[in-house]
Number of protein chains: 2
Amino acid sequence: MKPLPQHEDPRCLPVRRLLQTVGSKWSVLVVSHLENEAKRFSELKRSIGGVTQKSLTATLRELERDGLVDRSVTPSIPPRVDYALTPLGRTLLGPLNALTGWAIENETAVAAARERFEKDNEAA
Amino acid sequence: MKPLPQHEDPRCLPVRRLLQTVGSKWSVLVVSHLENEAKRFSELKRSIGGVTQKSLTATLRELERDGLVDRSVTPSIPPRVDYALTPLGRTLLGPLNALTGWAIENETAVAAARERFEKDNEAA
DNA sequence: CTGGATCCCCTAGGATACTG
DNA sequence: CAGTATCCTAGGGGATCCAG
């Protein structure tokens with residue numbers, strides 16, 4: 001994996017790791033789509049939309065690896081795989097919603113800041 | 001910039017943007033180092049440690065662009081530039097701390113999950 | 001249906017050197 | 001001091017084909 005430079009404050013290591021997981025393109029979508037119910041792979045893929053199998057698989061593996069998502073295989077034909085949030089994963093929902101809530105509440109403020117920034121740039 | 005695929009749920013756009021900003025390698029460090037006091041560029045660079053001028057500049061620009069950080073230039077010789085959190089930036093501290101708090105609290109749980117995952121892998 | 005294997009592009013981000 | 005300019009590389013992530 002990522003070696004994470006050791007000159008970094010060691011207390012920040014878990015933070016950066018989490019942000020790396022959570023900051024990946026699809027993880028938040030996946031988690032939010034699993035908030036209310038367990039879902040199968042293709043269900044998840046359809047309900048999210050626009051994600052590749054590869055990316056979705058990778059995202060799920062990473063979440064599973066960190067103990068946030070549980071993967072249960074039913075070896076039938078055709079095979080069936082269900083994904084669900086673990087208890088640990090559920091505890092992340094609060095902090096995560098705090099952040100996403102902020103993003104939504106301040107969407108217009110951020111957008112305004114961006115416009116100002118762009119304008120000041122072309123002025124220069 | 002990043003075009004962000006339009007098949008994505010539009011409500012998630014601000015979320016992904018925030019995560020992209022906050023998920024970049026140094027932004028959280030920068031914000032946390034600005035929590036208590038405004039700092040000059042080289043102060044910031046020294047106190048964070050291990051960050052390149054380029055990366056630090058890029059991070060600060062992005063934060064400034066989103067209206068989270070204020071950049072004030074004092075045209076003297078030598079030049080002096082101070083960075084501080086904006087009021088908007090300060091409102092992000094709460095949600096951000098919620099997330100970093102989670103990361104620290106659950107560091108061992110995540111680490112344990114990782115070990116289990118690795119072990120199950122070599123078992124297969 | 002679930003996902004592994006490949007190819008390929010593009011961007012984040014490190015190293016280094018230069019400037020007002 | 002506070003950047004900009006250039007070069008370079010590892011890795012994320014899309015597309016596509018294949019397999020149990």
Side-chain angles (χ1 to χ4, degrees), chain A residues 1-8 12 16-17 19-30 34 38-65 69-84 121 124, chain B residues 1-8 12 16-17 19-30 34 38-65 69-84 121 124:
Chain A
M1 268 278 109
K2 167 92 61 77
L4 277 176
Q6 72 282 44
H7 42 254
E8 208 173 288
C12 307
R16 283 243 63 252
R17 264 206 282 258
L19 283 170
Q20 179 136 6
T21 298
V22 138
S24 86
K25 187 165 183 180
W26 303 101
S27 48
V28 176
L29 275 299
V30 169
L34 287 179
K39 287 190 176 170
R40 305 180 51 178
F41 185 86
S42 44
E43 252 180 312
L44 214 44
K45 180 160 156 48
R46 245 181 311 108
S47 71
I48 290 179
V51 62
T52 351
Q53 289 162 338
K54 176 188 172 183
S55 299
L56 183 54
T57 303
T59 302
L60 287 166
R61 283 286 180 283
E62 206 170 342
L63 293 173
E64 187 198 356
R65 171 193 160 101
V69 156
D70 179 59
R71 177 173 180 268
S72 63
V73 185
T74 308
S76 56
I77 296 181
R80 176 196 181 95
V81 182
D82 287 274
Y83 294 93
N121 267 17
Chain B
M1 263 278 106
K2 167 91 60 79
L4 275 175
Q6 73 283 43
H7 41 252
E8 207 173 290
C12 306
R16 283 242 66 250
R17 266 206 280 258
L19 283 170
Q20 178 137 4
T21 298
V22 138
S24 85
K25 187 163 181 181
W26 303 101
S27 48
V28 175
L29 274 300
V30 169
L34 287 179
K39 287 190 177 171
R40 306 179 53 177
F41 185 86
S42 43
E43 255 181 309
L44 213 44
K45 180 161 156 46
R46 246 181 309 109
S47 70
I48 289 179
V51 62
T52 354
Q53 290 161 339
K54 178 189 171 183
S55 299
L56 183 54
T57 303
T59 303
L60 287 166
R61 283 285 180 286
E62 207 170 341
L63 293 172
E64 188 198 355
R65 172 192 159 101
V69 156
D70 179 58
R71 176 174 181 268
S72 64
V73 184
T74 309
S76 58
I77 296 181
R80 175 194 183 95
V81 182
D82 288 272
Y83 292 93
N121 267 16

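In what follows, every chain begins at residue 1, and chains take the letters A, B, ... in the order their sequences are listed.
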Only counting residues at least two apart or in another chain, list the ones meeting side chain to side chain donor-acceptor pair (under 3.5 Å) with [X].
| X | result |
| --- | --- |
| A:Thr59 | none |
| B:Thr52 | B:Ser55 |
| B:Arg80 | B:Asp82 |

Does a nitrogen or oxygen in the side chain of [X] sit under 4.0 Å from OP1 or OP2 of [N]?
| X | N | value |
| --- | --- | --- |
| A:Arg61 | C:dG4 | yes |
| A:Thr57 | C:dG3 | no |
| B:Thr52 | C:dG13 | no |
| A:Ser55 | D:dG13 | no |
| B:Tyr83 | D:dC1 | no |

Nearest 0.5 Å please: distance from the [atom1] atom of [X] over to the [atom2] atom of [Y].
| X | Y | atom1 | atom2 | value |
| --- | --- | --- | --- | --- |
| A:Thr74 | A:Arg40 | OG1 | CZ | 8.0 Å |
| B:Leu56 | B:Ser27 | CG | OG | 11.0 Å |
| A:Arg65 | A:Glu62 | CZ | CD | 7.5 Å |

How far does the helix from C:dC1-D:dG20 to C:dG20-D:dC1 bend, going by the axes of its first and last five pairs, to the nearest 10°?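 Computed angle between terminal axes is 40°.
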Roughly how many Å is it from [atom1] in [X] to [atom2] in [N], rounded to a whole number?
| X | N | atom1 | atom2 | answer |
| --- | --- | --- | --- | --- |
| A:Leu29 | D:dG13 | CG | P | 12 Å |
| B:Arg80 | D:dG3 | CZ | P | 13 Å |
| A:Gln20 | C:dA12 | CD | P | 14 Å |
| A:Glu62 | D:dG13 | CD | C1' | 12 Å |
| B:Asp82 | D:dA2 | CG | P | 8 Å |

Check each residue of residues 38-45 of chain B for a non-hydrogen atom within less than 4.0 Å of any atom in DNA chain D, then write out the ones that pass by number, or none.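 Within this stretch, B:Arg40, B:Phe41, B:Ser42 sit under 4.0 Å of the strand.
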Can you work out whether A:Lys54 or A:Leu60 has the more 5'-proximal nearest nucleotide on DNA chain C?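 Final value for this comparison: A:Leu60.
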Expected output: side-chain B:Ser24 to main-chain B:Gln20 donor-acceptor under 3.5 Å: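 It does not hold such a pair.
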Close N/O contacts between protein and nucleotides 18-20 of chain D (under 3.5 Å):
none

Ignoring hydrogens, what is the shortest heavy-atom contact between A:Lys39 and A:Ser47? Give both atom names and the distance.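 Looks like NZ-OG, 3.6 Å.
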Return the nearest nucleotide to the side chain of B:Lys25; candidates are C:dG13, D:dG13, D:dG3.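 So the side chain of B:Lys25 is nearest to C:dG13.
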Selection from D:dG3, C:dA12, C:dT2 that lies nearest to any side-chain heavy atom of B:Arg71: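 Closest nucleotide among those given: D:dG3.
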Side chain to side chain contact (heavy atoms under 4.5 Å, CB included) assessment of A:Arg16 paired with B:Val28: CA-CA 8 Å; A:Arg16 283 243 63 252; B:Val28 175; over 6 Å; no
Could you work out, with side chain to side chain contact (heavy atoms under 4.5 Å, CB included) as the rule, every residue matching A:Val81, not counting sequence neighbours?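 For A:Val81 the side chain to side chain contact (heavy atoms under 4.5 Å, CB included) partners, ignoring immediate neighbours, are A:Arg71, A:Val73, A:Tyr83.
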Inter- and intrachain pairs under salt bridge (Lys or Arg N to Asp or Glu O under 4.0 Å), touching residues 46-61 of chain B, at least two apart: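 Matches after skipping sequence neighbours: none remain.
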Would you sort out whether A:Leu34 and A:Leu44 count as a side chain to side chain contact (heavy atoms under 4.5 Å, CB included), showing the intermediate values? CA-CA 8 Å; A:Leu34 287 179; A:Leu44 214 44; 3.9 Å; yes
